[in-house]
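Numbers for residues simply follow the sequence, beginning at 1.
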Amino acid sequence: MADPSSYRPKPGQIPDSPGVYKFRDEHRRVIYVGKAKSLRQRLANYFQDLAGLHPRTRTMVTTAASVEWTVVSTEVEALQLEYSWIKEFDPRFNVKYRDDKSYPYLAVTMNEEYPRVQVMRGQKRKGVRYFGPYGHAWAIRDTVDLLLRVFPVRTCSAGVFKNAARTGRPCLLGYIGKCSAPCVGRVSAEEHRELAEDFSDFMAGRTGTYIRRLEQRMTEAAEEMEYERAARLRDDIEALRKAMEKSAVVLADATDADLIAVAEDELEAAVQIFHVRGGRVRGQRGWVTDKVEEVTTGALVEHALQQLYGEEKGDSVPKEVLVPALPDPVEPVQEWLAARRGSGVSLRIPQRGDKKALMETVERNAQHSLVLHKTKRASDLTTRSRALEEIAEALDLDSAPLRIECYDISHLQGDDVVASMVVFEDGLQRKSEYRRFQIKGFEGQDDVRSMHEVIGRRFKRYIAEKEKTGEWADGQEPGQEPGQELKDDDGRPKRFAYPPQLVVVDGGQPQVAAAQRALDELGIDDIAVCGLAKRLEEVWVPGEDDPVILPRTSEGLYLLQRVRDEAHRFAITYQRVKRAKRFRASPLDDVPGLGETRKQALIKHFGSVKKLRSATIDQIREVPGIGLKTAETIAVALAQAAPAAPAVNTATGEIMDYTEAPQDTADTQDGEPETRAGSPGEPVAAGAPDERRGQEK
C-alpha cells in the first residue's frame with residue numbers, strides 16, 4: 001500500500017487549467033483517468049486525509065504510485081481525451097458500464113454489391129446500417145421473416161450466394177418468394193439495392209408513407225380487376241402491420257430520441273437506455289457499474305453518454321437525448337454530441353407529458369436491473385473475496401493474491417510437449433492474458449525441467465519489460481508516444497508486463513521446487529509459489545516437507561482447483577492441436593513451391609501419397625497445374641522421403657492411412673490451426689489416446 005504523500009506533486013506544480021490526468025500503479029499500469037476544469041483544484045481533492053475519502057477512492061490513491069496530467073485548451077477537448085484514454089488503457093478504477101451480454105442488432109450490409117440482412121453483434125462496421133439493439137436474436141428473426149415477404153432482400157451467407165450463382169439454382173427462400181434471388185439474375189444489383197434501401201427506410205421508422213403507397217397500389221389493382229396482385233398487396237400490408245405491432249407507439253410520430261435512466265446506491269449504479277425511432281421503441285440495453293468515488297447522477301450520465309456515442313456518428317446520435325440529470329457543466333457535452341451527429345442535439349430532462357411518462361418506465365427498468373444484479377452478484381462477490389482471503393492465510397501471504405497465474409505441462413507419451421499459462425484476476429478468468437508455450441530446451445518427457453523452463457522464460461520477459469521501462473524516470477522512452485510504455489513495437493499490449501502475486505503450478509513438490517528455483521535464479525523474491533497435486537488435492541509450498549491441507553469445504557481450495565483445471569484444459573487443447581497437425585503432415589509439405597491447392601489436387605488425383613510415390617513423372621504431369629519441372633521436383637522429394645510408419649488406433653487396433661485425401665480443414669494463414677484463449681477443446685483425432693486412461697497428460 002502506497003502513501004499518497006510520496007508521489008504528491010509539489011505546490012504550484014499543477015496548472016490551474018482544463019486537462020486530463022492519469023494515476024499509475026508501481027508497474028506503470030494506468031489505473032484511473034479523469035478530467036477537470038481546473039487540474040489544480042481537482043487533484044488536490046485526492047491528497048487530503050485518507051479518512052475523508054470515499055472507500056474506493058482511498059483504495060485507488062493507495063494503489064497508485066504516480067500521477068501525471070495533460071493540459072488541453074477546452075473542456076470539450078478534455079472530454080474527448082478522457083474517452084480516448086479510458087478506451088486505450090481500460091483503467092480498473094474508472095466508471096465503465098459493461099453489458100451483461102452482447103446485444104444483437106439487425107444489420108443491412110449496404111457496403112456490399114448485393115446488400116444482406118442479418119443479425120450482428122459486437123463492433124460496428126463501416127458501411128453497414130444497424131437497427132436495435134434488441135433484447136433477443138429471435139425477435140429480430142421474427143421481424144425479418146415478416147418483412148421479407150414485402151422486401152425480399154438477400155439473407156444468405158457469401159458461400160451460399162456464390163454456390164447458387166455457380167449452379168444457377170436459388171436457395172429455398174428464392175423459391176418461396178422471400179428472396180428476390182439476385183444470385184441467379186432475377187433482379188439486377190441496382191434493383192436489389194433499392195429493395196434493401198426500402199427495407200432500411202421501413203426499419204428506420206418511415207412506415208406510414210410506405211403502407212399508404214401499398215394501399216393505393218392495392219386499390220388500383222382491384223379496380224383493374226387484377227385480383228391476385230391485389231390479394232398479394234393486401235397480405236403484404238398485413239405483414240407490415242404485424243411487424244409494426246411488435247413495437248408499440250410510445251411518442252409522437254417521427255420522434256427520434258434516446259432515453260437514459262439511472263438507478264444507484266452508494267456502491268453501484270445501473271443504467272437503462274431506450275432507443276426510440278419514429279415514435280417506437282426500436283431497442284433497449286442496460287449497463288451496471290461500480291462506483292469508484294463519490295460521483296453525482298450527472299457524472300454517471302456523462303460517462304454513459306461517452307460510452308453510448310463515443311464510436312457513433314451521424315444519425316446514430318439522435319436529435320434528442322432525455323436524461324434524469326444533466327452533466328455539470330452541460331455545454332461541453334452538448335457540443336461534443338453535436339460534433340458526433342453533425343448537427344444540434346437537445347440534451348434535457350423531460351418535465352411532463354408522454355416523454356416524462358416513458359422516462360418513468362425506463363427508470364423502473366433501471367431499478368429492477370440494479371436489484372437483479374445485486375441479487376446475482378452478492379453471493380458471488382462474497383465467495384470470491386473469502387476464497388482469496390483463505391488462500392492468503394493458508395500460504396502466509398501479506399495480502400490477498402489479486403492476480404494468480406497457473407502453469408501446466410501437457411504431452412502425449414513425451415511427444416508434442418507444451419505448457420499453458422492461465423490468469424485469474426480478483427478470482428475471475430482473464431482469458432485475454434492466457435498464453436501457451438512450446439518446450440524448446442530439450443526433447444522428451446520431463447515435467448520438472450519443462451516447468452523450470454516455462455517459469456524462467458515467462459519471468460525473463462517480465463524482467464526485460466521492467467528494465468526497459470525503468471530506464472527512464474517517467475517510464476517513457478525518448479521518441480515514444482504517451483501511453484506506449486506498456487506496448488510492444490506492433491502496438492499490442494506487452495504480454496508479460498505485469499507480475500502475479502501468486503504462481504500456481506499443476507503438480508507436487510518437485511514441480512514447485514522447479515518453479516521456485518527458476519524465480520531464485522532470476523532474483524525474484526516477491527512472488528509466492530505453490531502447487532496443487534491432483535491425487536489428494538494437497539497444496540505444496542517451496543521448502544516444506546509437508547503439504548498444506550485445506551478443508552474440502554474451503555472456498556480457497558475450490559478457487560485453486562478451478563485455476564488448476566483451467567490451466568489443464570488449456571494445455572491439453574493446445575497439445576491436441578499440435579498433435580493433429582503432426583498427424584496431418586505429408587511429404588509434400590517439403591516440396592518447394594508446392595502450395596496447398598496443388599497438394600490437394602495431387603492427392604485427389606492419385607488417392608494417396610503412397611500411389612503418388614509410385615507414379616511416373618509423366619503421370620504426375622497429368623494433374624492440372626503441374627509442369628515438368630514441378631513434377632520432377634515432386635518425384636525427387638518423394639523418392640528421398642522415407643515412408644512414414646502407419647498410425648494405429650489404440651482403441652480398435654485399426655491401421656490408419658493419414659496419407660489419403662484429407663478432409664477440409666480450417667487453418668490460419670501461417671498453417672497453425674487457430675486456438676483461442678479459453679476456447680472449447682477441439683475433438684481428439686481418431687485413434688488418439690484419452691487422457692483418462694493415463695496416456696495423455
Answer yes or no: is there a side-chain heavy-atom contact under 4.5 Å between [X] and [Y]?
| X | Y | result |
| --- | --- | --- |
| E264 | L300 | yes |
| T296 | V301 | no |
| V321 | Y309 | yes |
| K22 | W85 | yes |
| L322 | K355 | yes |

How close do [X] and [Y] get, heavy atom to heavy atom, and via which atoms?
| X | Y | answer |
| --- | --- | --- |
| V33 | P91 | CG2-CG, 3.8 Å |
| V423 | Y434 | N-CE1, 3.4 Å |
| H192 | S180 | CD2-OG, 3.3 Å |
| L370 | A263 | CD2-O, 3.7 Å |

Kindly say whether [Y] contributes a backbone atom to a donor-acceptor pair with the side chain of [X] at under 3.5 angstrom?
| X | Y | result |
| --- | --- | --- |
| S369 | N365 | no |
| R116 | V108 | no |
| R340 | G310 | yes |
| Y130 | R125 | yes |
| R384 | D426 | yes |
| Q334 | E331 | no |
| Q306 | L79 | yes |
| R430 | S432 | no |

Working for salt bridge (Lys or Arg N to Asp or Glu O under 4.0 Å), residues K35 and E302: CA-CA 12 Å; K35 65 174 178 61; E302 181 178 319; 2.8 Å; yes
Give me the ring orientation class for [X] and [Y]: parallel if the planes are under 30° apart, tilted from 30 to 60°, perpendicular past 60°.
| X | Y | result |
| --- | --- | --- |
| F199 | F151 | perpendicular |
| Y7 | F47 | perpendicular |
| F161 | Y114 | tilted |

N-O pairing of E312 and R341 below 4.0 Å: no
Salt-bridge criterion met for E68 and R28 (N-O under 4.0 Å): yes
Would you compute the distance between atom [atom1] of [X] and atom [atom2] of [Y] and round it to the nearest 0.5 angstrom?
| X | Y | atom1 | atom2 | result |
| --- | --- | --- | --- | --- |
| L305 | I273 | CG | CD1 | 9.0 Å |
| L259 | E320 | CG | CD | 8.0 Å |
| R58 | D49 | CZ | CG | 9.5 Å |

Any donor-acceptor N or O pair under 3.5 Å, side chains [X], [Y]:
| X | Y | result |
| --- | --- | --- |
| S38 | R40 | no |
| D25 | T63 | no |
| R42 | Y46 | yes |
| Q272 | E363 | no |
| T109 | Q118 | no |

With V333, the side-chain contact (heavy atoms from CB on, under 4.5 Å) member among L347, V323, L326: L347
E113 vs R193, salt bridge (Lys or Arg N to Asp or Glu O under 4.0 Å): CA-CA, chis, key distance, verdict: CA-CA 8 Å; E113 182 181 4; R193 181 168 290 275; over 6 Å; no
